[in-house]
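In what follows, every chain begins at residue 1, and chains take the letters A, B, ... in the order their sequences are listed.
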Amino acid sequence: MAGDQVTLLDLWASPFGMRVRIALAEKGVKYEYSEQDLRNKSALLLQMNPVHKKIPVLVHNGKPVCESLIIVQYIDEVWKDKAPLLPSDPYQRAQSRFWADFVDKKIYDIGRKIWTTKGEDLEAAKKDFIDCLKLLEGELGDKPYFGGDTIGYVDVALVPFYCWFYAYETIGNFNIEAECPKLIAYCKRCLQKESVSKSLQDPQKVCDFIVMLRKNLGVD
Amino acid sequence: MAEVKLHGSWPSPFNHRVIWALKLKGVEYEYIEEDLSNKSELLLKYNPVFKKIPVLVHGGKPIAESLVILEYIEETWPENPLLPKDPYERAMARFWIQYGVTKGAPIGVFYRASGEELEKAAKELREMLKILEEQGLGDKKFFGGDSINLVDISYGALAYWFAAMEEASGVKVLEPSTLPRLYSWAKNFIEVPVVKENIPDYDKMLAYVSATRKKLAKNYRP
């Protein structure tokens with residue numbers, strides 16, 4: 001849509017921000033990327049997301065949309081003529097929403113326990129994490145993507161966490177690929193898509209970032 | 001027209017959300033009460049991931065998670081729309097629904113806690129509801145404007161179930177002096193016929209909430 005002004009307030013390492021980047025890339029939307037400093041929040045961020053003061057925020061023609069999955073749905077609805085992310089059938093849409101919601105409820109929070117806890121709590125978190133990934137593997141089945149032949153809403157919700165796996169493995173001392181080879185194969189397949197590879201970050205950089213976060217939180 | 005069934009549990013506000021939406025759309029359905037202490041094979045088959053109610057089954061195909069079910073109902077039966085048509089307004093409606101999910105953790109604490117912990121949860125709830133009232137509801141009668149929509153439905157428990165929680169815990173949160181607009185919203189919401197006719201009696205709810213409070217407090221391990 002000519003004349004659209006689109007800005008993304010984001011943080012380079014955020015898997016939630018990556019979701020939005022992938023969606024915008026899939027739709028071929030030109031936008032301005034604005035890196036935010038979350039330790040020193042900008043007036044713009046506070047104005048655009050006064051309720052949560054978080055990224056990502058999509059600003060479309062001056063109007064802010066917050067919460068990553070809500071932004072992805074908004075992008076899907078506004079730029080609807082290209083690369084649909086949600087299926088057209090209501091039942092399939094409901095299944096997509098269910099699994100994206102599952103990713104939201106589980107992956108980040110359990111992942112966070114992996115890099116912030118120790119001992120028994122850490123072991124429990126690792127087990128929980130693998131159980132969740134196995135459930136996702138089951139749902140994926142033989143499909144190349146959760147969206148079928150092309151990437152869709154659930155893929156966009158999940159695949160950004162792949163670049164955080166190396167950090168979880170390093171800090172938690174376990175091997176995700178050994179437990180969930182199908183899921184890792186799926187993630188690598190997604191990375192072959194430009195929209196994904198350009199949106200995700202280098203796992204080593206992410207790991208260094210999380211190690212720094214751990215220090216700041218006083219976890220070590 | 002394929003069969004619609006709802007597996008639910010009478011006290012659950014998540015269940016009531018789905019009932020209100022189905023009734024607002026004029027959808028005929030069969031209701032199946034589930035015993036959550038003895039979950040049916042069917043429920044476990046329909047919701048293997050969370051094993052919870054509500055589950056909507058349409059033409060034999062199950063959908064779980066009340067908010068997912070609400071969006072499904074909205075798309076499948078478009079009469080009497082419960083979400084705005086404009087994508088930006090829809091995103092805002094979804095934002096406020098999500099706000100209740102993200103910021104609702106203190107409700108769980110409020111449900112089972114006592115003493116200082118209860119007071120802390122009450123304070124957090126008041127703060128969270130203040131933002132909802134000022135920035136979400138504003139001067140509107142309902143989140144949906146003149147009539148209720150999915151946002152109102154998602155906050156419905158505040159209007160009836162929450163009062164039972166307040167009485168059972170002995171702490172008031174939703175008061176006209178501190179949350180005047182939400183307080184009015186709650187009074188109006190309860191009067192909407194589809195809601196009024198589809199919530200449990202207050203006494204039954206109070207008895208259920210009091211009993212559950214005791215159980216939750218007893219089983220709680222920090």
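Each of B:Ala64, B:Gly59, B:Pro62 has some count of heavy-atom pairs under 4.5 Å with chain A, and the biggest count is that of B:Pro62.
Heavy-atom neighbours of B:Lys120 NZ from other residues, nucleotides or ligands within 6.0 Å: at or below the threshold of 12. Other residues, nucleotides and ligands contribute at most 12 non-hydrogen atoms within 6.0 Å of the CG atom of A:Asp149. The number of heavy atoms from other shown groups lying within 6.0 Å of NZ (A:Lys54) does not exceed 12. Counting non-hydrogen atoms of neighbouring residues, nucleotides and ligands closer than 6.0 angstrom, the CD atom of B:Glu175 exceeds 12 such neighbours. In the displayed structure, B:Glu41 atom CD is contacted under 6.0 Å by at most 12 heavy atoms of other residues, nucleotides or ligands. Around atom NZ of B:Lys140, more than 12 heavy atoms belonging to other residues, nucleotides or ligands sit under 6.0 Å away. Other residues, nucleotides and ligands place no more than 12 heavy atoms under 6.0 Å from the CG atom of B:Asp146. More than 12 heavy-atom neighbours from other residues, nucleotides or ligands sit within 6.0 angstrom of NZ on B:Lys25.
Contact of B:Pro48 with chain A is not made at all, since no heavy-atom distance falls under 4.5 Å. For chain A, the nearby part of B:Arg90 is the side chain; its heavy atoms alone come within less than 4.5 Å.
Contact annotation: the side chain of A:Glu67 approaches that of B:Thr102 to within less than 4.5 Å [non-hydrogen atoms, C-beta and beyond]. Counting heavy atoms from C-beta on, the side chains of A:Val51 and B:Phe95 come closer than 4.5 Å.
Rounding to the nearest 0.5 Å places CE of B:Met92 at 7.0 Å from SG of A:Cys66.
Residues from residues 87-105 of chain A that place a non-hydrogen atom less than 4.5 Å from a non-hydrogen atom of chain B comprise A:Pro90, A:Tyr91, A:Arg93, A:Ala94, A:Gln95, A:Arg97, A:Phe98, A:Trp99, A:Asp101, A:Phe102, A:Lys105, given in numerical order. Residue-level contacts of residues 18-43 of chain A with chain B do not occur; threshold 4.5 Å between heavy atoms.
No close placement of the A:His60 and B:Tyr88 rings is indicated, their centers lying 6.0 Å or farther apart.
Closest heavy-atom contact between B:Gln135 and A:Pro50: OE1-CG, 3.9 Å.
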